[in-house]
Number of protein chains: 2
Amino acid sequence: MKIGEAAKESGVNAKLIRHYESIGIIPKAARSEAGYRKYSEADVHILKFVKRSRALGFSMKEIKKLVGLWRNKSRASLEVKNLALKHVEEMENKIQELQDMVRTLRHLAKNCHGDSRPDCPILEDLATSR
Amino acid sequence: MKIGEAAKESGVNAKLIRHYESIGIIPKAARSEAGYRKYSEADVHILKFVKRSRALGFSMKEIKKLVGLWRNKSRASLEVKNLALKHVEEMENKIQELQDMVRTLRHLAKNCHGDSRPDCPILEDLATSR
DNA sequence: CATCCACCTTCCAACGGTTGGAAGGTCAAT
DNA sequence: ATTGACCTTCCAACCGTTGGAAGGTGGATG
């Protein structure tokens, strides 16, 4: 399988596949005589694994670990679970941050006329030191 | 006021102040004879405005607009309000995304022993095409 | 006056994750 | 023989921030 087909199969862009290889997320692909990268079904499987991990918000660093754990059949599930829960915690912190911002901005926007007049509580807030 | 003092006053790092100037977020600072940037209280005020806007999650592009609107006394509050509400909407989308990921991962983690055994529903999920 | 230190200057590069382009090689079909 | 679809590598961009290197300036000390 050449990279284009592996891309189609896995749903991961060919460019991105090369990138993942270059940063060591996935193993270096075997090469054909002409120098083309060759992929097996197992390789495609890894790519799908990476894609799914990205969709769950893991960083590339975390994914590197996850791929390692996945391929190591003697891993402890504790390690995976801790990685996942740490990630969940980070996402929850991010959510909290965003919600705070949304709350503040919604409040400010509610008190803003939103017409052709220039006075605007949003700008007033931004311009105020706290 | 030199850049260090302006940084302390505004809470914006000196390095970041230069960066903001270079990308046109804030006007080019006046210079002393030796070439040092000089800042007024008004400049510090702009820096605080930018800082506060960042804290509310606005992108630099949006902040550029906001600074422009703030300094333009004949602006319409509608424009500011729309900018703010568009930003709120984006943040709410992001929150939704994150919540979906958290929900999925929490569910997977709950079914994971989290001990020394290797079998792990989290990895199984990641390895499954959908 | 010399020296020291804290400050300032510019320029260049890195982080993460992805995407784009340029310039060129390879392979199959027309 | 030429086209066109694919592949290769390398380099740069996005965003916002931070870091370092290499050098100039200002004011206080010895």
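Quick note on labels: first sequence line is chain A, next is B, and so on, each numbered from 1. As a basis for the values below, the full set of heavy atoms in this structure was taken, side chains included, without hydrogen atoms, waters or symmetry mates.
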Please give me every residue in residues 36-53 of chain B whose heavy atoms get under 4.0 Å of an atom in DNA chain C, ordered by residue number. Y36(B), R37(B)
Length of the line joining E33(B):CD and dT9(C):P, which is rounded to integer Å: 15 Å
Please list, pair by pair, any protein nitrogen or oxygen found under 3.5 Å from a nitrogen or oxygen in nucleotides 19-22 of chain D.
from, atom 1, to, atom 2, distance (Å)
dG19(D), N7, K15(B), NZ, 3.3
dG20(D), N7, K15(B), NZ, 2.9
dG20(D), O6, K15(B), NZ, 2.8

With sequence neighbours excluded, what pairs up with D100(B) under the side-chain contact (heavy atoms from CB on, under 4.5 Å) test? Q96(B), R103(B)
Partners passing side-chain contact (heavy atoms from CB on, under 4.5 Å) against A55(B) (at least two apart in sequence or in another chain): none
Is L78(B) reachable from V88(B) through a run of hydrophobic residues whose side-chain heavy atoms are each under 4.5 Å from the next? no
Determine the contact category for I3(B): base if any of its heavy atoms lies under 4.0 Å from a base atom, sugar-phosphate if only primed atoms, P, OP1 or OP2 are that close, otherwise nothing. sugar-phosphate
Kindly compute the distance separating CG (D125(A)) from SG (C112(A)), expressed to the nearest 0.5 Å. 11.5 Å
Using a 4.0 Å heavy-atom cut-off, write out nucleotides 12-17 of chain C from 5' to 3' as B (base contacted by protein), S (sugar-phosphate only) or - (no contact). -----S
Partners meeting side chain to side chain donor-acceptor pair (under 3.5 Å) with T128(A) (sequence neighbours left out): none
Between CD1 of I17(B) and P of dT18(D) the distance, given in whole Å, is 12 Å
Parallel under 30°, tilted from 30 to 60°, perpendicular over 60°: which one fits the rings of W70(A) and H45(A)? perpendicular
Contact under 4.0 Å: R31(B) side-chain N or O vs dT10(C) OP1/OP2: yes
Separation of dT9(D) C1' from E21(A) CD (nearest whole Å): 12 Å
Starting from C1' on dC8(C), measure out to CE on M1(B) and report it in whole angstrom. 16 Å
What is the distance, rounded to the nearest whole Å, between atom NZ of K2(A) and atom P of dT26(C)? 13 Å
So if you build clusters from Ile, Leu, Val, Met, Phe, Trp, Tyr with side-chain heavy-atom gaps below 4.5 Å, do L83(B) and I25(B) land together? yes
Who are the side-chain contact (heavy atoms from CB on, under 4.5 Å) partners of T104(B), not counting sequence neighbours? R52(A), L56(A), L108(B)
N/O contacts under 3.5 Å, protein versus nucleotides 28-30 of chain C?
none

M101(A): side-chain contact (heavy atoms from CB on, under 4.5 Å) partners, not counting sequence neighbours: E97(A), M91(B)
At what distance, to the nearest 0.5 angstrom, does CG of L126(B) lie from CG of L66(A)? 6.0 Å
So how far is it from I95(B) CD1 to Q99(A) CD, rounded to the nearest 0.5 Å? 5.0 Å
Name every donor-acceptor pair, under 3.5 Å, that has one atom in a side chain of residues 15-23 of chain A and the other anywhere in the protein, sequence neighbours excluded.
from, atom 1, to, atom 2, distance (Å)
E21(A), OE1, A29(A), N, 3.4
E21(A), OE1, R37(A), NE, 3.0
S22(A), OG, H19(A), O, 2.7

By salt bridge (Lys or Arg N to Asp or Glu O under 4.0 Å), K86(A) pairs with (sequence neighbours left out) E90(A)
Would you say I3(B) and M1(B) are hydrophobically clustered, going by side-chain heavy atoms of ILVMFWY under 4.5 Å? yes
Give the rounded distance in Å between these two atoms: CZ of R18(A) and P of dC6(D). 12 Å
If you measure from OG on S53(B) to CD1 on I46(B), what distance do you get to the nearest 0.5 Å? 11.5 Å
Are the charged groups of R106(B) and E89(A) less than 4.0 angstrom apart, N to O? no
Estimate the overall bend of the helix from dC1(C)-dG30(D) to dT30(C)-dA1(D) from the end axes over five pairs each, rounded to 10 degrees. 40°
